[in-house]
Asker: 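Just dropping this structure here.
Here the structure is a predicted model, which is why all the values come from computation and not from measurement. Letters A, B, ... are given to chains in the order of the sequence lines, protein chains preceding strands, and every chain is numbered from 1.
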Protein chains: 2
Amino acid sequence: MLDFPAPSPTDHRVRDPDRPDPDRRAADTDSPPPARQARRGHGSVTLRDVALAAGVTAITVSRYLREPQVVAGETAERIRLALAETGYVPNKQAGGLASGVSNIVAALLPNLANSIFAETAQGLSDTLQAAGCELLITSTGYSLEREEEQVRALLGWRPGGIIVTGRRHSPATRALLEGARRAGTPVIEVWDYQAGPTRGAARSFTQVGFSHEVVGRAMADHLLQAGHRRLAYVDSGIAEDYRAHERGLAFAARAQEAGAGVTHLAAPKGDPFDAGRHMLQAMLDAPARQRVTAAAFANDHLACGALLEAGAQSVAVPKRLALLGFGDFSIARQLRPSLSSVALPRYEIGVTAAQALLRQRAGDDSPGHQALPWQLMARQSTGGG
Amino acid sequence: MLDFPAPSPTDHRVRDPDRPDPDRRAADTDSPPPARQARRGHGSVTLRDVALAAGVTAITVSRYLREPQVVAGETAERIRLALAETGYVPNKQAGGLASGVSNIVAALLPNLANSIFAETAQGLSDTLQAAGCELLITSTGYSLEREEEQVRALLGWRPGGIIVTGRRHSPATRALLEGARRAGTPVIEVWDYQAGPTRGAARSFTQVGFSHEVVGRAMADHLLQAGHRRLAYVDSGIAEDYRAHERGLAFAARAQEAGAGVTHLAAPKGDPFDAGRHMLQAMLDAPARQRVTAAAFANDHLACGALLEAGAQSVAVPKRLALLGFGDFSIARQLRPSLSSVALPRYEIGVTAAQALLRQRAGDDSPGHQALPWQLMARQSTGGG
DNA sequence: TTGAAAGCGCTAACAG
DNA sequence: CTGTTAGCGCTTTCAA
């Protein structure tokens, strides 16, 4: 970080000739003035510079910036001018250090490129920016170790709030987050909505999302209601995506409750469309007694791959095989047959989490958990629409 | 921002009983001790607390944290213990203020949800995180006014580098960025690679991207080489996306050079697949003498919409109408006919920009411009693959 | 309505 | 190898 000079058109820097001279200060004491090299500023325009140009002191400029109505009209006018003249940009590090308040919000998401989390990031960004907050964002790659490391680093900025993904964290992460929350920093968990990390435990932090267990069951229900008795759940290739696994487990549990057969498959890594194509092939190639009539997928890309491959191989969808996605990406309703899927509040999770955070920052200490609505979109690939 | 207590399991806060008492300090002078209320800390564990627990002074702990090899083995051991005991988390605001160096990198992108910029964000994040930097990200919504506002706000954090999108900025933004750069802060422009904002002008900041003019011409060339003489360019619905417009202008210029006819169309706002479908319809409905035989699109979503609508209406692609996208989203090669498109270094732009920034931060003051490779993927929709 | 003094938590500079 | 001193640029507290 280097400081920068005034960006004003005329670019005449206002330097303070009165800046206290450390040697002179030292002379106030009884000891002889040591010939120390004074530390100089980092070169940027400071409040003092503006104050000097306006003929007031720094604190008055500071006040004008924070509560303009307290400053007298004529003084305010001079400060306004000085501000423009010097091109002052307030140093937020100094401000945060002095006041103990920062407008930085830290967000940890598994991935920024994935359209699911990208839209959440957009929702966070839109809402926080409107409230004058800045977004410090990291991607954990679904790793709890990286999450821990990043939480630790981000806390160094003393953020005004923290947003993490999901309810599962390492013990150390949990301790750090709990410490932060005890000290009054809002902590929000997004993309999940369920009692604590272990079944039955209470919620630790504010949750904004939905229950993957409930969605998983609903996905099974949808296929069961269409009369299917031999189901498959195709999990994503990401081993650490516990939410996809939870949906799969709930899906299987519901199917078994209903006396239907369930196969659990795991998609290979790599391009998810290709993985979906591959999984369709695998289901077609399965021995007759393992053959399924309906498959649910961990995401729409996998499901679309399967749908396209089915088209290429003239496998009748949903007649021979019904397909159900998750995420309702915009491609889902464009294909023929159209893909049934679960529409998610991707963007809304970001907006709602940011709002909850801002509310808590403003002093509201209600838990603020929010179960957000999702919707199973029944389309042609499962015999609907 | 509120500070947080030690997150150590035992959570025994180490508070400094020796913390200098301001009243006692005042007593050193000749004036009578004023009964001022001392300002208290913000409640977090500080370097002093750790130092006290380790039986050293703050500066030694600070040194241990920054250059451990300078500290004696036995002292280091005690500090290590004290660090763990207190659960110290360094205050980066204080550190940045004191040292004038910050590991924050600010990035301004038009949009975080758009898969193009989302992947760039991921590239930035991956590379900067590996280098110990933090990413402060904002979305401008393609607005130069918002960009200006955000640059101003972000500079308040005295970032170690700034990444902006494109080479067009408001004059005030430009002045701010130039001030920052003069002071040694790297400024990188991504997603463009062209001489200055006005034709012929020199580049102002380091550019990492590609020339949209060259790509636009290449898109026209591809269609011309396939024998098309009546072309269309379908621009995006985003009025402020000057890069899409530049591609369109270059596309038209190249077509006209070759004596071919060109129509410029603008897609409506809203779902880009639907917009693409709508534009296909518009082209089919055009009067015979305006009928085109090939269309290039501002992005793959528009092109896919058109491709799917063509399929639905049994319009032969590429026989009756060739279609060419931009972006090479993964769906492009999945559809039948597969969509020709321009593959872009979406992720690489982020990685390369971050590397350039880190290099400049480390003192390399070469311009560091980087033209990144793109590739026209000739597939079935234009008679290839 | 404005100012003086002190301090936020840390690091640079120098001394030992 | 460790400590002392001063100061980064701002805000809080109190006084006028």
Asker: Compute whether any side-chain donor of one residue and acceptor of the other, for A:Thr173 and A:Ser170, lie under 3.5 angstrom apart.
Answerer: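 Their side chains do contain a donor-acceptor pair, which is all the 3.5 Å distance test asks for.
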
Asker: Among all residues two or more places apart in sequence or in another chain, which pass the side chain to side chain donor-acceptor pair (under 3.5 Å) test with A:Ser62?
Answerer: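 For A:Ser62, the residues satisfying side chain to side chain donor-acceptor pair (under 3.5 Å) (neighbours in sequence not counted) are A:Arg66.
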
Asker: In whole angstrom, give the distance that lies between atom CG of B:Leu97 and atom P of C:dA12.
Answerer: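 After rounding, the reported distance stands at 12 Å.
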
Asker: Starting at CG of B:Asn103 and ending at P of C:dT11, how long is that distance when rounded to a whole Å?
Answerer: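 It works out to 12 Å between those atoms.
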
Asker: Check every atom of C:dA12, D:dC10, D:dT12 against the side chain of A:Ile59 and return the nucleotide holding the closest atom.
Answerer: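 The listed nucleotide nearest to A:Ile59's side chain is D:dT12.
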
Asker: Could you state the CG-P distance from B:Leu52 to C:dC10, rounded to the nearest angstrom?
Answerer: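 The distance from CG of B:Leu52 to P of C:dC10 comes to 14 Å, rounded to the nearest Å.
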
Asker: Between atom CZ in A:Arg63 and atom P in C:dA4, what is the gap in whole Å?
Answerer: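 Computing the A:Arg63:CZ to C:dA4:P distance gives 11 Å.
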
Asker: Confirm from the modelled atom types if B:Arg158 and D:dG9 form a donor-acceptor pair under 3.5 Å, side chain to base only.
Answerer: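 A donor-acceptor contact between them is absent.
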
Asker: Need to verify one output field. Residue with the more 5' nearest nucleotide on DNA chain D, B:Val56 or A:Arg66?
Answerer: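 Counting from the 5' end, the first nearest nucleotide belongs to B:Val56.
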
Asker: In whole Å, I'd like the distance from the CG atom of A:Asn91 to the P atom of C:dC10.
Answerer: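 Rounded to the whole Å, the gap is 16 Å.
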
Asker: Using side-chain contact (heavy atoms from CB on, under 4.5 Å) as the criterion, list what pairs up with A:Leu83, not counting sequence neighbours.
Answerer: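 Listed in chain order: A:Val50, A:Val61, A:Tyr64, A:Leu65, A:Ile79, A:Tyr88.
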
Asker: Between A:Leu65 (CG) and D:dT12 (C1'), how many Å, whole number?
Answerer: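 Spelled out: CG on A:Leu65 to C1' on D:dT12 is 16 Å.
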
Asker: Using a cut-off of strictly less than 4.0 Å, decide whether A:Tyr64 has a side-chain nitrogen or oxygen near OP1 or OP2 of D:dC10.
Answerer: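 For D:dC10, OP1/OP2 do not have a side-chain N/O of A:Tyr64 under 4.0 Å.
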
Asker: Can you check whether B:Gly141's main-chain N or O pairs, donor with acceptor, with B:Ser139's side chain at less than 3.5 Å?
Answerer: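 No, the answer is negative, given that no donor and acceptor are paired below the 3.5 Å cut-off.
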
Asker: Could you state the CD1-P distance from A:Ile79 to C:dT1, rounded to the nearest angstrom?
Answerer: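 Atom-to-atom, A:Ile79 to C:dT1, this comes out as 13 Å.
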
Asker: Verify the contact: side-chain N or O of A:Thr60 to OP1 or OP2 of C:dT2, cut-off strictly under 4.0 Å; return yes or no.
Answerer: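 Answer is no, no contact under 4.0 Å.
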
Asker: Which one of A:Thr206, A:Val208, A:Ile188 satisfies the side chain to side chain contact (heavy atoms under 4.5 Å, CB included) criterion with A:Ile163?
Answerer: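 The option that passes is A:Ile188.
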
Asker: B:Trp157 CH2 to D:dG9 P: how many Å, rounded?
Answerer: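 These atoms are roughly 16 Å apart.
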
Asker: So if I take every side-chain heavy atom of B:Ala98 and compare against D:dG9, C:dC10, C:dA13, which nucleotide ends up nearest?
Answerer: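 Output: C:dC10.
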
Asker: Rounded to the nearest 0.5 Å, what separation is found between the CG atom of A:Leu112 and the CG atom of B:Asp126?
Answerer: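 CG of B:Asp126 is found 8.0 Å from CG of A:Leu112.
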
Asker: Using a cut-off of strictly less than 4.0 Å between a heavy atom of the residue and any atom of DNA chain D, enumerate the qualifying residues of residues 69-77 of chain A by number.
Answerer: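 Heavy-atom cutoff 4.0 Å gives no residues at all.
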
Asker: Output yes when at least one side-chain N/O atom of B:Ser62 is less than 4.0 Å from OP1 or OP2 of C:dT11, else no.
Answerer: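 Looking at the OP1 and OP2 atoms of C:dT11, one of them is under 4.0 Å from a side-chain N or O of B:Ser62.
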
Asker: Name the one of A:Arg174, A:Glu189, A:Arg181 that satisfies side-chain hydrogen bond (donor to acceptor under 3.5 Å, both in side chains) with A:Ser204?
Answerer: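 When A:Arg174, A:Glu189, A:Arg181 are each tested with A:Ser204, the side-chain hydrogen bond (donor to acceptor under 3.5 Å, both in side chains) holds only for A:Arg174.
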
Asker: Choose from C:dG9, D:dC10, C:dG3 the nucleotide whose nearest atom is closest to any side-chain atom of B:Ala94.
Answerer: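 Of all the options, the side chain of B:Ala94 is nearest to C:dG9.
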
Asker: Measuring from the side chain of A:Ser44 (C-beta onward, heavy atoms only), which nucleotide among C:dT2, C:dC14, D:dG9 has the closest atom?
Answerer: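 Side chain of A:Ser44 sits closest to D:dG9.
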
Asker: Between A:Val105 and A:Leu136, does the side-chain contact (heavy atoms from CB on, under 4.5 Å) criterion hold? Intermediate values first, please.
Answerer: CA-CA 6 Å; A:Val105 171; A:Leu136 200 45; over 6 Å; no

Asker: C:dG3 phosphate, OP1 or OP2: any side-chain N/O from A:Thr57 under 4.0 angstrom?
Answerer: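 Yes, A:Thr57 has a side-chain N/O under 4.0 Å of OP1/OP2 on C:dG3.
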
